[in-house]
Amino acid sequence: MSSAAVTRQSVLHGRAAEEAAVRLLLDRARQGDGGALALLGSPGIGKTAVLDLAVTLAGDFTVLRARGIRQEAHLPLSGLHALLHPVANLIRSHVLTWALRLGRADGGLALPAALLEFLRELAEAEPVLVCVDDLHLLDAASREALSFAARRVAGERIALLFAAWDPAELPGDVPVRTLKPLDQAATRALAAELLPGRLFDDLRGGLERISRGNPLALRELVESLGAEQLAGLAPAPDSLPAHGRLHRAHADRLAGLPEDTRFLLLLLAADPGLDTATLILAAEPADPLSVLAPAERAGVIRAEGERYVYTDETVRAVAYAEASLARRRAAHRLLGDLLDGESRRLARAWHRAVALDGPPERLAAELAAAASTASRHGHPGPSLAYERAARLTGHDANRAEWLAAAARHAWVSGDYPRARSLLTWLRRPVASDSSRGQAELMYGRLELLSGNADSARDKLLAAATWLVEHDRLVGVKALLQAAEASYLAGDIRACQAIARQAAMLRRGDDCVAAQLMFEYLEGIAATFGGRHRAAAGPLRRVVELASGVSSPVTLVWACVASLLLGEDATAIELSARAVDTARRRGAISVVPQLLESMIQAQFWLGRYSSVAAHATEGLRLAQESGQLNAAAQHLAWLAHAAAVQGDAESCRDQAHAAIELAESHGLGIATTLGNWALAHLDLSTGRPAEAAARLRGRHGNDHVVIRVMASPHFIEAAIRTGDTRRAAAALRVLERWAASTGSPDRLALVARCRALLAAPGETGELFREALELHRQGACQFETARTQLLYGGALRRERRPGAAREHLHGALETFQRLGAVLWRERARAELRASGEAVVHVSPAGDPERLLTAQQLRIARLVAEGATNREVAERLFLSPRTIDHHLRNVFVKLGVRSRVELARLLS
């Protein structure tokens, strides 16, 4: 087989670790050090694909392959017969020949020993690979003989590879590798292979949610898609194809269990949170633990605390779907009768509604009432409950209200495809302006997360128009979110106009949450107009009012107010409280946005490792939930962290990805953030003209808030290129904001910029003022940057001794923070001052030797991810991953991925 053919056939998404294990098994067999490996995993997870890969890689082997078949499991030696049939004419052992011919095994040593001897004879000519799929379905005699051989091939040119989903049927003393579901990057790579071209976000999210990382599930779901689903005109599938191989495999597995076991499994499928105490009542007079024992032995369920859970959610869905409608209704009716207590009010109402255990209108009203007071956690959840109530009722007004509530709860939990589907239903003629306003509000919020910022603003303004008359607080919140959309777009005038519109709705008896929103809009409107002192009062009141609210969204506004006031520690405290509250409430949709505020506070404090860690988490959550607008900002912040560390390749990849995404969604903030990161990189590599050009206000790169934050870099770059006029103008804007905050870190930057603009005789005093302010602040990186600039100025004034004092401090800080490019700039200045600088390599473990980005890449590769999978996960190019990985190998002194995995384990 040609090398091209091997490469083409050996690509398995997300299975790099398994491929490495198979290659190692085959390499050892070639060298006469045989062995065995068992692959364990649920149906469709990719075990057969790994066996196929092994066969492809074993081009120089004699390959014997067989598969367990349920219908032949009762036939002794049927498995060995299928395995050895292609080489039956080479068998010389009478024991093996007659056993296969008669289909009988005496249970002694003779047959297993004869099989092992025959494999040894075959291996004299060329190595032997034995592949057995679905080992758990093989007849017992064949399984016993193969297990015997697997334990005795050390020192032989023989490799045995088994695959099964039942761990009880695997041979003892054989290494086992469990195949996990594909991660998101591998799932998306496989989806892109199966469906070339751009997938609609809702469709991709639906495929990922239903397939749960199972490759066969994804393949069958793709094959089941209709033209309208592919075009984005119909929702994604909500279950596996009923006639697909995977559904049937699970159904057959369940069909082999006793009937009373299957009924208890149906109860667990109907209510995943069912506790053992309720199961005992449901199973009376039988013992539920005994009844469920066959399912537990088969690996269908496992005990987890006080309840049983399905080991695979796909099996749960199949167990429910395979039951007849009458049997499902009986299960729900029984659960509705057994569940009691206020904490299980929603579950009880849900089961009665599904079972149609009463008049539909009464059931719908009970279910909606229970959903209104229920926690977002547990089964079925408010969104599903409201949807079921909407389907039961015959009243248009109730249906519209409950559909809007269902969509809102789906949005809060991060299930955006389902929220959109519910809104499509709701958009059909509705009965009230309030419901129409709720629909527009949800559309606007979804657009704010993943669509065009201007479009989101228009939808939210339309929603506010409908809602203000019916629910003033929600209407004001819609106005505030419309202002946020304008802020993301960089349309400051629109933001100020919305603030003026909202101010007209203010009342003296407003609740705390409403007061906070009005103060926030007034504060940011003044800030965007450059009236920082006027903004301070409202922003201060926002922070004070935050103690009386608990909504994560409301808390994030207080966090932004803290940032505008220059109170970074308060911002971190508020954002941490907001993130914790959101996670406890299951409000997944807001976590990426909450992390943005935390990141900005960490950035001002110079905690760049925290910036990178939170941006990585924020990007992951944003990608998983389809929040493209949040993803753009997190990419830009990752680019900033990379620029500080001097990771030029990652900085460029992530900044350009952020800018591309931002420009397609009208996000002026992310575009300006991305260009700022690139400008930082330009400055650190001695390209001030390029840095100044990136930071000059121009279309798509003129977000006023980010431009003010980036002023210190622009002023420095402009001065180096002789553009003192623009530098002085930018400094005046920066001075007004920094003075209004009183923040030592920000005031230090102002003093540094003044020093850069000052006449030669005045620079020293201003630099010293900046350093004194830095000592009162917290950002060590900017302190080192000031030391570097001051040291350079002193060197040019021919004061090398004084210069070296500051340059050494800068070098030490840059070294400690891993700021590679700035460290080299400090070394260059020290050499220019007349000091020989000795490069000292960091000692110790990989965390000291590698940059944060290199360490992330190394760990992912050590876990088995391919370069392309790492690139997709970190939003970098494969070329950049190759570059980093070469540096990792050199720094750690390793030569292969296996050595890297061993070192980092």
Is the gap between the ring centers of His136 and Phe162 under 6.0 Å?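 Centroid distance His136-Phe162: not below 6.0 Å, so no.
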Can you tell me how far [atom2] of [Y] sits from [atom1] of [X], rounded to the nearest 0.5 angstrom?
| X | Y | atom1 | atom2 | value |
| --- | --- | --- | --- | --- |
| Leu367 | Arg348 | CG | CZ | 12.0 Å |
| Asn629 | Gln593 | CG | CD | 9.5 Å |
| Leu339 | Arg345 | CG | CZ | 14.0 Å |
| His250 | Asp252 | NE2 | CG | 11.0 Å |
| Glu617 | Leu621 | CD | CG | 5.0 Å |
| Arg344 | Leu335 | CZ | CG | 9.5 Å |

In sequence, state the C-alpha distance, the side-chain angles, and the governing distance for Arg399 and Glu401, and then conclude on salt bridge (charged side-chain N to carboxylate O under 4.0 Å, His left out). CA-CA 6 Å; Arg399 182 183 299 111; Glu401 178 186 346; over 6 Å; no
With a cut-off of 3.5 Å and sequence neighbours excluded, list every side-chain donor-acceptor pair involving residues 382-389.
{"unit_1": "Ser383", "atom_1": "OG", "unit_2": "Ala406", "atom_2": "O", "d": "2.8"}
{"unit_1": "Ser383", "atom_1": "OG", "unit_2": "Arg418", "atom_2": "NH1", "d": "2.3"}
{"unit_1": "Tyr386", "atom_1": "OH", "unit_2": "Ser372", "atom_2": "N", "d": "3.4"}
{"unit_1": "Glu387", "atom_1": "OE1", "unit_2": "Arg418", "atom_2": "NH2", "d": "2.4"}
{"unit_1": "Glu387", "atom_1": "OE2", "unit_2": "Arg391", "atom_2": "NE", "d": "3.2"}
{"unit_1": "Glu387", "atom_1": "OE2", "unit_2": "Arg391", "atom_2": "NH2", "d": "2.8"}

Go through the side-chain N and O atoms of [X] and [Y] and say whether any donor and acceptor fall under 3.5 Å apart.
| X | Y | value |
| --- | --- | --- |
| Asp139 | Ser142 | yes |
| His351 | Asp271 | yes |
| Arg212 | Thr187 | no |
| Glu322 | His247 | yes |

Looking only at atom types and distance, does a side-chain atom of Thr261 sit under 3.5 Å from a main-chain N or O of Ala295, one as donor and one as acceptor?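 No, because the side chain of Thr261 does not come within donor-acceptor range (under 3.5 Å) of the backbone of Ala295.
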Looking at His81, I'd like to know if its NE2 atom is crowded, meaning that more than 12 non-hydrogen atoms belonging to other residues, nucleotides or ligands lie closer than 6.0 Å.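 Open.
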Return yes when atom CZ of Arg219 has more than 12 non-hydrogen atoms of other residues, nucleotides or ligands closer than 6.0 Å, and no otherwise.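 Open.
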Close side-chain approach of Leu146 and Leu83, heavy atoms under 4.5 Å: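 With C-beta onward as the side chain, the pair touches.
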If we only count heavy atoms from C-beta on, is the Pro171 to Arg143 side-chain gap below 4.5 Å?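 No, side chains not in contact.
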List in chain and number order the residues that pass salt bridge (Lys or Arg N to Asp or Glu O under 4.0 Å) with Asp134, two or more places apart in sequence or in another chain; answer none if no residue qualifies.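 If we apply the salt bridge (Lys or Arg N to Asp or Glu O under 4.0 Å) test to Asp134, skipping adjacent residues, the hits are Arg67.
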Check: residues 175-184 side-chain donor-acceptor pairs under 3.5 Å, at least two apart:
{"unit_1": "Asp183", "atom_1": "OD1", "unit_2": "Ala185", "atom_2": "N", "d": "3.3"}
{"unit_1": "Asp183", "atom_1": "OD1", "unit_2": "Ala186", "atom_2": "N", "d": "2.8"}
{"unit_1": "Asp183", "atom_1": "OD2", "unit_2": "Arg873", "atom_2": "NH2", "d": "2.0"}

Check Leu221 against Pro237 and note the closest heavy-atom contact, atom names and distance.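 Smallest heavy-atom distance, with atoms named: CD2-CB, 3.9 Å.
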Quick check with a 6.0 Å cut-off and a 45 degree axis cone: is Arg328 positioned over the face of Tyr320's six-membered ring?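 Checked: cation-pi criterion met.
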Working note: Leu190 + Leu194, criterion side chain to side chain contact (heavy atoms under 4.5 Å, CB included); need CA distance, chi angles, decisive distance, verdict. CA-CA 6 Å; Leu190 179 57; Leu194 297 172; 4.0 Å; yes
Chi angles and distances behind the salt bridge (charged side-chain N to carboxylate O under 4.0 Å, His left out) call for Arg262, Glu259: CA-CA 5 Å; Arg262 293 203 304 275; Glu259 184 176 349; 5.1 Å; no
Under the side chain to side chain contact (heavy atoms under 4.5 Å, CB included) rule, what do Leu12 and Glu18 come out as? Steps first, then yes or no, please. CA-CA 9 Å; Leu12 281 182; Glu18 287 73 22; over 6 Å; no
Determine whether Arg352 and Glu366 satisfy the following criterion, salt bridge (charged side-chain N to carboxylate O under 4.0 Å, His left out), listing intermediate values before the conclusion. CA-CA 10 Å; Arg352 293 192 64 228; Glu366 289 176 356; 2.9 Å; yes
